[in-house]
Structures are given as structure tokens and as C-alpha cells.
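Below: the structure, in C-alpha cells.
By convention in this document, chain letters (A, B, ...) are assigned in the order of the sequence lines, proteins followed by strands, and residues within each chain are numbered from 1.
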Amino acid sequence: MVKFEVHDLNVWFEKAQALKNVNIEVRQNEILSIIGPSNSGKTTFIRMLNRLNELNPHFRMSGIVELDRLNIRNTDVEALRKRVGMVFALPLPLPLSIYENIAYGIRMHGLKNKAKIGQIVERSLKQSYLWDEVKDRLDESAFKLSGGQQQRLCISRTLAVAPEVILFDEPCSGLDPISTAKVEEAMLELKKEYTIVLVTNNVKQAARVGDRTAFFLSGELIEIDTTDRIFTVPKDQRTDGYIRGRFG
Amino acid sequence: MRNTKRTQKIAFFLMLLATLLIVVPVGMIVVIIVQKGLPAINWQFLSDIPRQGMRTGGIFPAIIGTIYLVLGAIVFALPIGLLAVIYLSEYSRDNFLTRIIRLAIVNLSGVPSVVYGLFGLALFVVFFKFGASILSGSLTLGIMILPIIITTSREALESVPQSFREVSLSLGASKWQTIRHIVLPNAIPGILTGTILGLGRAAGETAPILFTVAAFYLPQLPKSIFDQAMALPYHLYVISTQVPNVDEKVRYGTALVLLVLVLFMNLVAIIIRYRFRKKKKW
Amino acid sequence: MRKLKEFIIEKLILVCGLAAIFFVVLIFLFLLKEGLALFKSVNPFAFIFGKSWYPISEPAQLGIMPLILGSLLVTLGAAIISIPIGVACAVYISEVAPSKTKEILKSGIELLAAIPSVVLGFIGMVTLVPWVKSVFHLPTGLTALSGSIMLAFMAMPTIVSVAEDALYSVPKNYKEGAFALGATHWQTIYRVMLPAASSGIVAAVMLGIGRVIGETMAVMMITGNSAIIPHSILQPVRTLTATIAAEMGEAVVGSEHYFALFAIGIVLFVISFIINVTADLFLHKRQ
């Protein structure tokens with residue numbers, strides 16, 4: 001089943017074109033990895049899926065992005081973002097306690113029942129394997145956690161609002177190998193319930209966790225296929241060059 | 001080589017001298033006022049009305065008048081300033097109008113205070129027919145400190161990292177929820193600091209209240225916001241220039257009370273700023 | 001329901017934002033309206049260049065040249081005193097002073113900025129004025145010179161803090177580069193730091209001068225308030241600001257005198273506008 005369908009998407013920031021004629025689909029319960037050198041449009045692409053690009057006053061676009069066959073430009077932006085969660089490149093806890101970081105989203109959506117909130121916080125922290133490490137200090141500032149813990153906190157925070165799709169924007173770029181492994185473990189587990197789009201600079205990470213992999217270059221989608229095929233028999237020279245580390 | 005060393009020594013000495021030339025008199029001013037004003041301070045001076053043409057008695061009505069004016073100014077300026085600043089830094093797009101508004105605010109903060117007095121006179125006292133009253137004076141002072149509040153609050157709002165806003169929005173919170181729960185709580189110390197500094201300025205200003213509220217001599221407390229009132233800075237001006245043979249002690253005492261009031265507000269602002277910097281987490 | 005609440009809040013914010021701006025515009029209009037009313041009966045040229053200011057004689061003579069010259073003289077004197085001292089102090093604080101001393105000096109400067117001008121005026125009256133009188137053997141110490149000294153003092157905090165900001169924001173590698181070439185600390189300051197910070201320092205000076213021109217209470221208390229064209233800095237003068245403050249209380253609302261004081265307000269406003277816009281340009285040039 002198809003979750004996102006993107007047709008002829010073009011994006012500009014002022015005069016610079018960030019995405020050129022991108023056509024792509026994201027299938028339900030897959031991990032779609034997006035690889036490419038910096039400035040290839042990967043981040044711009046996933047920020048299209050939750051309409052975060054619209055915060056930039058110079059943003060312009062053409063084309064259509066559909067979620068479950070509905071144009072996302074015609075849906076309520078807050079409802080969309082509730083369905084499509086995002087984990088950012090750097091761990092970005094809000095300046096609140098650990099507990100309140102997780103509770104923030106659901107509170108904003110109007111949940112007031114304390115017991116219910118407590119349950120959701122616990123469940124979300126367990127899903128990102130963080131519960132055991134923080135259960136005794138939920139009231140501490142989230143900034144006291146280590147980088148890897150903060151990033152898993154951000155994953156829990158996203159899960160708490162019960163999204164259908166989770167966008168990961170280079171989630172491990174600031175993490176050490178052990179924390180990275182934990183985040184990847186969490187992603188593979190999450191795939192069962194959620195659809196995941198993962199932007200990564202780390203080609204090996206794409207190979208490890210992606211069901212399918214897309215390669216972007218200079219704002220264009222060069223190639224998309226199953227991860228196995230991209231890494232063994234890429235159709236395009238440039239894809240081959242990038243995954244072998246010739247540039248990027 | 002030795003020559004350049006000597007030039008450096010002379011230059012540094014001259015700069016030190018310049019610095020002392022500023023800082024030492026400041027210290028002396030404070031010391032003089034405290035030394036000569038302190039003997040005048042007692043309960044009667046702070047709680048009594050002025051007597052014998054302001055030559056003896058106390059300064060209570062002036063203290064109260066200044067407090068009323070400052071409170072009035074904040075009640076008016078803080079909400080408008082804050083909402084205006086939220087509009088400017090969170091909602092408005094970067095277009096020609098916004099740039100004009102920003103330029104206007106930069107300029108407003110440089111307009112001489114006596115010109116604010118004229119505004120207040122023309123608009124509130126004469127046009128709106130509020131007369132010379134606490135209302136007119138408060139509104140005038142409020143408008144005068146509006147640019148201070150707007151400038152410092154904008155800095156406070158803009159110092160909240162953009163990424164916090166993105167995170168909040170990405171969780172499906174609305175723009176207003178993001179402002180209310182993420183941006184404002186983290187900007188409040190900065191906003192408070194700016195507001196208190198503005199108030200300190202309002203408490204010490206004389207020119208804007210000259211023709212909008214200040215009473216030369218009014219030995220009773222104002223009963224409503226449509227009454228005139230005495231105010232500390234104007235009272236100090238009056239007893240130092242307009243009334244002959246006032247005891248030096250009374251003048252210094254009044255100056256001391258005004259100075260303490262203003263410096264106290266500044267101190268509060270500095271403490272808030274300091275504690276906030278220590279607590280800041282990002 | 002939530003949507004409705006937020007819709008209302010956001011509209012309120014918009015209205016307040018616009019109201020603050022509208023208010024400001026309204027106020028300027030009022031200043032113009034009252035001030036320009038004067039020029040129905042008085043020639044603007046005669047107003048600006050007229051040599052005598054006798055607002056309550058019959059017929060009133062409303063020439064503000066003595067006041068403009070008074071303001072200019074006091075400002076010039078204050079600038080001559082405050083610019084070298086203020087800039088030197090800024091350099092000392094930002095480049096030379098050890099960090100603990102730096103904090104103390106900065107608080108001293110902030111303290112000076114916080115003292116109300118009427119208090120400074122009062123202190124000037126009881127200390128500076130008698131001193132000027134005895135040193136120069138004058139009949140009165142209430143002179144342009146006293147005003148200049150006092151105002152120089154009041155311009156200092158602005159000059160020091162803006163200039164210090166400018167010096168502080170010079171990129172570190174400029175300084176390190178100069179040191180690496182073997183320049184002494186002073187040579188680095190003189191040849192590298194000051195030129196690099198020059199536009200910020202110019203802005204600092206302009207904002208300081210803006211403060212001086214607009215200052216009212218202290219000048220009114222110590223410059224002697226005589227509206228005649230000054231020939232020496234040791235004479236009493238009257239400034240534009242002091243004229244408004246001193247006379248508005250007696251001017252009848254709607255009279256020529258009343259309008260003339262508003263017209264002076266317009267002149268002050270225009271001057272401060274020019275100074276602020278220029279200073280702002282210099283500040284942005286730096287970035």
C-alpha cells in the first residue's frame with residue numbers, strides 16, 4: 001500500500017531550485033532510505049512531507065504531494081504533522097523536563113487526563129529503549145541526558161503523538177557508533193507499526209536498515225530501488241560512484 | 001623597539017586616565033548623594049506631606065505619584081508592547097512595511113524625552129481631554145518606554161532558537177501553542193529585564209511629565225487617575241530651582257530617594273538577567 | 001473550539017501590533033498638526049533664522065536661531081569632551097582592562113546611564129556650577145560650559161557601550177594576525193582594531209550626540225536659560241529642549257507661542273531622526 005505519492009515536485013528557495021521534478025512513492029511499513037551528498041535536496045524533500053519548508057518565507061513549490069491519496073496542501077497542517085512525525089539531525093530536546101518533553105505533543109493536542117498522559121509517556125520511552133535509563137529521573141531537565149539518550153528521547157516524543165509516518169533527518173549524524181546502533185535497532189522495531197523515511201549521510205546505515213533506497217543528486221532523484229539492488233546493481237553511474245565513495 | 005614600548009605605556013596610561021575620569025565622578029556622585037541625603041531620611045520624611053512651601057515635611061505624595069505613574073505606564077505599555085513584538089517577530093513577514101516599522105522603532109527610541117512630553121500634551125491632555133492627570137502622564141511615559149520594551153523583547157524572542165519552534169510545530173502544535181508554551185516561557189526573563197529597565201527610565205524622567213501630569217505642589221494624595229499628582233523627579237527639580245531657601249538636606253534626601261528607587265529597579269533587572277544566564281540550557 | 005480561540009488570539013496580536021504602530025503614527029501626526037499650525041502666521045524661514053526669541057512680548061518674536069545656536073554650542077562642547085574620553089574608555093575596557101576590572105568598570109558605566117538626568121542636573125548645580133564660577137571668575141556659573149561638561153558626562157555611557165560592542169565584534173583573527181606579525185598590543189589596537197571597528201565607533205559617537213541634543217532637565221538646570229545668541233562658551237545659553245520644558249507650562253493652548261513650541265519639537269524630532277538613521281546605517285554597515 002502506498003502512503004505518500006509525490007508527483008512532479010519542484011521546490012525553490014528564492015531563486016535557487018532545491019528539488020527538480022521529483023516523482024517518488026513511500027510505501028506503508030517500509031523504511032525508505034534517502035542518500036546523497038550534502039545539498040542534494042534530501043532534507044528539503046522530507047521537510048516537504050510534513051510541510052515544514054513552509055516556515056521559510058522564500059519557499060515556493062509546484063507539483064503535488066499526497067498522503068493516503070489526499071493532497072497535503074489541502075489538509076489541516078497541524079493534523080498532518082500529527083500524522084507525520086519528525087526526528088531532527090541533532091538531538092533537540094525542548095527546554096523542559098524529560099517527562100514534559102514526551103507529554104508536550106499530546107498535551108498540545110488537547111489530552112488532559114494525567115493517568116493517560118503518564119501511560120503514553122511510559123510506553124513511548126519503552127519503544128525507544130530509554131525507559132530503563134530514565135524512569136527514576138523523569139523530572140530532570142532533558143538537557144542532562146547524553147547525546148544518544150537525547151536523540152532517543154526525541155524519537156519517543158515523536159512516537160507519543162501516535163504518528164503514521166516518521167521522518168528521520170540524519171538522526172545519527174552527531175552520535176557515536178554505540179548510540180547509532182541503538183537508534184537503528186529502534187528504527188527496525190518501529191517499522192512494524194510505522195512507515196519510516198530516513199535521510200542519511202551514512203551510506204552504510206542506508207544499507208543496514210533501508211528496505212528501499214533513493215539516491216538524490218543536485219535536487220534530482222537519480223535512482224530508487226530496493227536497497228539490495230541499489231547496492232549491488234545500480235543502474236546509474238553516479239549512484240555507483242556515490243555508494244563506492246568516489247564523491248560526496 | 002623601546003620606543004614602541006614607551007608609546008604603548010603612555011597610550012595605556014591615557015586610556016586608564018580617561019576611564020577613571022568617567023568612573024570616579026560616578027562614584028563621587030553616588031557617595032555625595034548618600035552622604036548628604038542620608039541624614040534627611042527618616043520615617044517622617046518618607047511618610048509626610050511637604051510642608052511650609054516644600055521647605056520641610058516629607059515627600060510622600062511625590063513617592064506615591066511616581067509609583068502610580070510607573071504602574072500606569074507598565075499596565076499600558078507591557079501588553080501592547082508584548083503583543084506588538086510577538087506580531088513583529090513571529091507573525092510578520094519580512095517585507096517593506098515590516099522594515100519601515102523596525103526603522104520607526106529604532107527612531108522612536110532616540111526621540112528626545114521632552115518631545116514625548118509634547119506628544120502627550122497634544123494627544124492626551126488636549127485632544128482626548130484627559131487634562132493634566134495621572135492617566136495622561138502614564139500614557140505618555142508608557143509610549144516613551146514602548147520602544148525599549150519592544151527592542152529588548154524582540155531580542156529575547158529571537159534568542160529562543162528557531163529549532164525549538166520547528167520541533168514544536170513538527171509535533172503538530174499550532175503556531176500560537178508554540179509561542180505560548182515554548183517561545184514565551186524562554187523569553188520571559190529577557191522581556192522582564194527590558195521592561196524593568198524601561199520602568200527605571202520612566203521613574204526618573206521629568207520632561208515627559210512636565211505638562212502631562214506633574215503638580216508643582218499638591219499636599220494630598222491623588223484620588224483617581226484623572227487627578228494631577230506630584231512626582232519625585234519633578235519635585236526634585238522644583239525644590240532645587242523654583243523654591244528659594246530649601247534646606248540642602250531636603251534636596252539631597254529627595255535626590256537619594258529617587259536614586260535608590262531607580263537603581264533598585266536596575267538592580268532587579270541585572271539580577272534577573274544574571275540568574276537567567278546561569279540557568280540557560282542551550 | 002481550540003481553533004476559534006486561537007483565531008481570536010492571533011487577530012488580537014495582529015490588532016495590537018498594528019495599534020502600536022498606528023499609535024506612533026498618530027502621535028507624529030499630532031506633533032505635525034500642532035507645530036505646522038504656526039506657519040499659518042509665521043514664515044518658516046523667519047522662524048528658523050530669526051535672531052530673537054521673545055514669545056510673550058507684543059507682537060511676539062519667534063526666531064529660534066539663539067536656541068539652535070545654544071543647543072549647538074552646548075552639544076559641540078560636550079562632543080569635544082566626551083568623544084576622546086568615551087572612545088579611550090571603550091578601548092581600555094574592551095582591550096586593556098583585566099576581566100575582573102572590566103566587569104566593575106562596566107557596571108560603573110551602567111550605573112551612570114541609570115542615574116536620572118534631574119539628579120545629575122541637581123548635582124551639577126551644587127558642585128559643577130560653583131566650580132566653573134570660581135575658576136573662570138564669572139558672575140554666574142550657569143554657562144554653556146557647565147552644560148557641556150554635564151552633558152559630556154551623560155553622553156559617555158552611550159558612547160562607551162556602543163563603541164565597546166563594536167570593538168568586541170571585530171573578528172578575533174584580525175587581532176591574532178596582527179600579533180602574529182609581531183605588532184605590540186597598542187599597535188594592534190591602533191592599526192587594526194580601531195579601523196576595523198570604525199563604523200561602529202562613528203555610530204556610537206552619533207548616538208551619544210543624539211542623547212546630548214535631546215537632553216532636557218540637566219541643561220535646563222545648569223545652562224542659565226538665557227535666549228540670546230551666545231558669543232562665548234562662558235555665557236548662559238538656552239537650548240531647544242530647555243525652551244520647550246521651561247515655557248510650555250505657561251503657553252496658552254492654541255496660542256502662537258504654544259504652536260511655536262511644537263514647531264521646536266518638530267525641529268528636534270527631525271534632528272534626532274537624521275542622527276538615528278545615520279547611526280543605524282553605520283551600525284549595519286559593520287555587519
Might you work through the ring pair (Phe, Tyr, Trp, His ring centres under 6.0 Å) test for C:H185 and B:F12, ending with a clear yes or no? CA-CA 10 Å; C:H185 196 173; B:F12 283 6; 5.4 Å; yes

Among the listed options [options], the residue most often paired with chain C at heavy-atom distances under 4.5 Å:
{"options": "B:A132, B:G117, B:P25", "result": "B:P25"}
{"options": "B:V126, B:L83, B:L118", "result": "B:L118"}
{"options": "B:I29, B:I32, B:L197, B:L14", "result": "B:I29"}
{"options": "B:E90, B:Q177, B:K175", "result": "B:Q177"}
{"options": "B:Y116, B:F127, B:W176, B:Y234", "result": "B:W176"}
{"options": "B:L121, B:I105, B:N266", "result": "B:L121"}

Quick one: what part of [X] sits under 4.5 Å from any heavy atom of chain C, side chain, backbone, both or neither?
{"X": "B:L17", "value": "neither"}
{"X": "B:V26", "value": "both"}
{"X": "B:P147", "value": "neither"}
{"X": "B:R251", "value": "both"}
{"X": "B:V111", "value": "both"}
{"X": "B:L263", "value": "side chain"}
{"X": "B:V114", "value": "both"}
{"X": "B:I22", "value": "both"}
{"X": "B:V30", "value": "side chain"}
{"X": "B:E248", "value": "side chain"}

Quick one: closest heavy-atom pair of C:R211 and C:T158, and the distance? CD-OG1, 4.2 Å

Output the distance between atom [atom1] ([X]) and atom [atom2] ([Y]), rounded to the nearest 0.5 Å.
{"X": "B:L258", "Y": "B:T66", "atom1": "CG", "atom2": "OG1", "value": "7.0 Å"}
{"X": "C:L36", "Y": "C:I266", "atom1": "CG", "atom2": "CD1", "value": "4.5 Å"}
{"X": "C:L167", "Y": "C:I93", "atom1": "CG", "atom2": "CD1", "value": "10.5 Å"}

Under the side chain to side chain donor-acceptor pair (under 3.5 Å) criterion, do B:S174 and C:E6 qualify, and how do the steps go? CA-CA 9 Å; B:S174 68; C:E6 286 185 7; 2.8 Å; yes

Could you walk me through whether C:E215 and C:T241 pass side chain to side chain donor-acceptor pair (under 3.5 Å), step by step? CA-CA 7 Å; C:E215 175 47 45; C:T241 49; over 6 Å; no

Do the side chains of C:E110 and C:K106 get close enough for a salt bridge, i.e. N-O under 4.0 angstrom? no

Scored by heavy-atom pairs under 4.5 Å with chain B, the best of C:Q187, C:M248, C:M220, C:K33 is C:M248

I'd like to know whether CZ of B:F216 has more than 12 heavy-atom contacts from other residues, nucleotides or ligands below 6.0 angstrom. yes

Given the rule in the ring pair (Phe, Tyr, Trp, His ring centres under 6.0 Å) test, do C:F122 and B:Y237 qualify, once you have shown the distances and angles that lead to the verdict? CA-CA 8 Å; C:F122 166 66; B:Y237 169 70; over 10 Å; no

In terms of heavy-atom proximity below 4.5 Å to chain B, should C:I244 be classed as side chain, backbone, both, or neither? both

Cut-off 4.5 Å, heavy atoms of chain B, and the answer for C:Y258 is side chain

Can you give each donor-acceptor pair under 3.5 Å made by side-chain atoms of residues 9-16 of chain C, sequence neighbours left out, with the distance rounded to 0.1 Å?
unit_1 : atom_1 : unit_2 : atom_2 : d
C:E10  : OE2    : B:Y91  : OH     : 2.9

